[in-house]
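The sequence lines fix the lettering, A, B, ..., with proteins before strands; numbering per chain opens at 1.
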Amino acid sequence: MGLQLYNSLIRRKAEFKPRSKGRVGVYVCGPTVYGHAHLGHAKSYVSFDVLVRYLRYLGYNVTYVQNITDVGHLTDDADAGEDKIAEAAKREQMHPMALAEYYTRSYFDDMDRLNCLRPDISPRASGHIIEQIELVKTLLQKQYAYEANGSVYFDVSKFKNYGKLSGRNVEEMIAGARVEPSPDKKNPVDFALWKKAEPNHIMQWPSPWGMGYPGWHLECSVMSMKYLGKTIDIHGGGLENQFPHHECEIAQSEAANGQQFVRYWLHNNMVTVDSQKMGKSLNNFVTLKQAFSGAHERLTRSYDPPAIRQLILNSHYRSPLDFSDAALFAAQSGYERITETVKTLRKRLAAAPQGLAAEDLAKQLALLTERFEGAMNDDLNTAVALSVMFELVRLTNKLLEDGGQTIDSLAAIDALFTKLGGDVLGLVKDEYPHSPAADEARIDRVVKIIIEQRAKARKLKDFARADALRAGLDEAGIILEDKPDVTEWRWK
RNA sequence: GGCGGCGUAGCCAAGAGGCCUAAGGCGACGGUUUGCAAAACCGUUAUUCGUCGGUUCGAAUCCGACCGCCGCCUCCA
């Protein structure tokens, strides 16, 4: 059985088959860059990162597109809302585009630290205004949209499949609408494709309907179409975007193109913090930078970025994830366990005797691989995949303790760690380099300890020992210089 | 009010009719190793899966009721 994915559109798991053999287009809703990324972003993007990594592991040629929303995302869907970027720009007294750039860099920086692969294409909404206007024109032409007072709205009543993704009924929504309908809209559920800009609005572009800016939902339709085609294989995003965002994307795209927009809709579940919804108003927002540094009142320490990744992969992407200091602490310990084993393994590998891999070991590794793939094929069950990694850890530690393993045996284990734990899960690194600056400071500390020992020996007139220490350092390329009151060292 | 999801050991978390007297991780406890420490290894830590009923030869897994929690329906990954 191949890869099964839970498709929100049909509400069950289904075998994944790409549209074109061997090639997969993946589009994931990216961040609106008006603040630093938080734990919610991490869950979403780590989850889809693993999807992309696993598709590549299976041999697919994947094009991964993830947008950057830098315009059009309003704080409120009723017409009163302001653009999030504009609002933050005002607050931080920056140019909106400078603000967007600043937080885009911050976002990539955080994602790099979580070891998320960069998307192949990271299109900006503001860079696709022309295409967005074109899509609005098409929708007007096909009479799926109407202009009113300088804005253009999508006429939901014209699109009969509206609600199919989120299981909603248009009539009921109209009846139960909570927001005061805009006087320009024919129906309260209609959504803005293009919004008229007030003169003082900073971000605005000329259009056939006057100066304005695009509606939020439009960008994803336009950019996925542009880079992946009219029908894409996989569209991912957070569960909270299923409605209305993704529903609107389907309506726009399918109305304009007359063909299916997305074949597999994947939604990841939400993050809570200490069992509470993470929200700015609840004051329990934890940004990734805070988690990395430990600078948050709910955290007792700093956490390695991969430990956060590990916590996310410890549960299923469609389950809600509760972040707590205790959970993070456990993930950190677990991550260190895997890391220690891999480091020790590689150290031993360098000094292992020649020889072929043990036959029963090959069998065990094949079995673990099979179980790993079985878990991943089952809608990306990373929790089980991770448990397989821990079994590999135990197997490895036992072998290392027994000793006498050949190069080929250890290399086979290392290859599996690298492939499954590294390439797919993104938890095992190819190398664990020390930072040169930190190393330098460490060497200085070590040499000073030896100098101290030598000083003690000299004081006790044990010159043989003192000279032996100096000779030893000399062999390591370190020269000691005895000054009147101190001993200094330098590289040979 | 409408739609959807969840409740498994001290904590996190898989499992979705018989392989479950329920993976894996963290923590705790005991042991091996150890001058001390760290790491590692071995073992123990849920006869039970929110509660109560039902279906079935058989249920954590299906159905119903109830209790509790959460999400979406307004912006949020």
Partner nucleotide, any strand, of rA14(B) [Watson-Crick/G-U, under 3.5 Å]: none
Gap between atoms CG and P, on L9(A) and rG4(B) respectively (whole Å): 16 Å
Sugar-phosphate only, base, or nothing, as touched by V28(A) at under 4.0 Å among non-hydrogen atoms: nothing
Cationic N near anionic O, under 4.0 Å, K429(A) to D304(A): no
Atom C1', compared across rG25(B) and rA9(B): separation rounded to whole Å: 13 Å
Given rC75(B), rC42(B), rG24(B), the nucleotide with the shortest approach to the side chain of K398(A): rC42(B)
D325(A) bridged to R298(A) by N-O distance under 4.0 Å: no
Phosphate OP1/OP2 of rA39(B) contacted by K343(A) side-chain N/O (<4.0 Å): no
Pairwise P distance for rG5(B) and rC62(B), with rounding to whole Å: 12 Å
Distance test, side-chain N/O of S333(A) to OP1/OP2 of rG27(B), below 4.0 Å: yes
Span that lies between the C1' atom of rG15(B) and that of rA59(B), in whole angstrom: 13 Å
Ring-ring centroid check Y227(A) H128(A), cutoff 6.0 Å: yes
Sugar-phosphate, base or nothing in reach of T32(A), heavy atoms under 4.0 Å: sugar-phosphate
Partner nucleotide of rG7(B) by Watson-Crick or wobble geometry (both distances under 3.5 Å): rC67(B)
Are there any protein N/O atoms within less than 3.5 Å of an N/O atom in nucleotides 13-15 of chain B, and if so, which ones and at what distance?
| from | atom 1 | to | atom 2 | distance (Å) |
| --- | --- | --- | --- | --- |
| rA13(B) | O2' | N314(A) | O | 3.3 |
| rA14(B) | OP1 | H316(A) | N | 2.7 |
| rA14(B) | OP1 | S319(A) | OG | 3.3 |
| rA14(B) | O3' | N381(A) | ND2 | 3.0 |
| rG15(B) | OP1 | N381(A) | ND2 | 3.0 |

Euclidean distance for C1', rA16(B) against rC11(B) (whole angstrom): 24 Å
Distance in angstrom units between F191(A) CZ and rU74(B) P, rounded: 14 Å
Any strand: nucleotide that pairs with rA40(B) via Watson-Crick or wobble, under 3.5 Å: rU32(B)
Passing option when L99(A) is tested against R91(A), E92(A), K90(A) for side-chain contact (heavy atoms from CB on, under 4.5 Å): E92(A)
Near-strand residues of residues 36-50 of chain A, defined as heavy-atom separation under 4.0 angstrom from RNA chain B: H38(A), G40(A), H41(A), S44(A), Y45(A)
P-based separation of rU61(B) from rC49(B) [nearest Å]: 9 Å
Spacing of the P atoms in rC36(B) and rG31(B) (rounded, Å): 14 Å
Length of the line joining L311(A):CG and rG24(B):C1', which is rounded to integer Å: 14 Å
Heavy-atom closest contact (A86(A) atom, M203(A) atom, distance): N-CE, 4.0 Å
rC52(B) versus rC70(B) - spacing of their C1' atoms, nearest Å: 23 Å
SB check D378(A) K13(A) (cutoff 4.0 Å): yes
ring-ring contact (aromatic ring centres under 6.0 Å, His included) evaluation trace for F48(A) with Y45(A): CA-CA 5 Å; F48(A) 291 117; Y45(A) 299 123; 7.5 Å; no
Whole-Å gap separating P (rA40(B)) and NZ (K347(A)): 13 Å
Lys/Arg cation over aromatic Y303(A): R301(A), 6.0 Å, 45° cone: yes
Ring-ring centroid check Y264(A) H235(A), cutoff 6.0 Å: no
Gap between atoms CZ and P, on R394(A) and rG43(B) respectively (whole Å): 8 Å
Paired nucleotide for rC72(B) [Watson-Crick or G-U wobble; both distances under 3.5 Å]: rG2(B)
RNA chain B: 5'-proximal contact among Q310(A) and N397(A) (nearest heavy atom): Q310(A)
rC41(B) OP1/OP2 closer than 4.0 Å to side-chain N/O of R337(A): yes
Within 45° cone and under 6.0 Å: R118(A) NZ/CZ vs F108(A) ring: yes
Ion pair check, K456(A) and E452(A), cut-off under 4.0 Å: no
Partner nucleotide, any strand, of rU47(B) [Watson-Crick/G-U, under 3.5 Å]: none
Rounded interatomic separation in angstrom, taking OH from Y303(A) and P from rC26(B): 15 Å
R309(A) CZ - rC12(B) C1' separation (whole Å): 19 Å
Interatomic distance where CD belongs to E240(A) and P belongs to rC70(B) [whole Å]: 18 Å
Base-pairing assignment for rC20(B) (Watson-Crick or G-U wobble, both under 3.5 Å): none
Sugar-phosphate, base or nothing in reach of E401(A), heavy atoms under 4.0 Å: base
5'-most by nearest nucleotide on RNA chain B - Y335(A) or R318(A): R318(A)
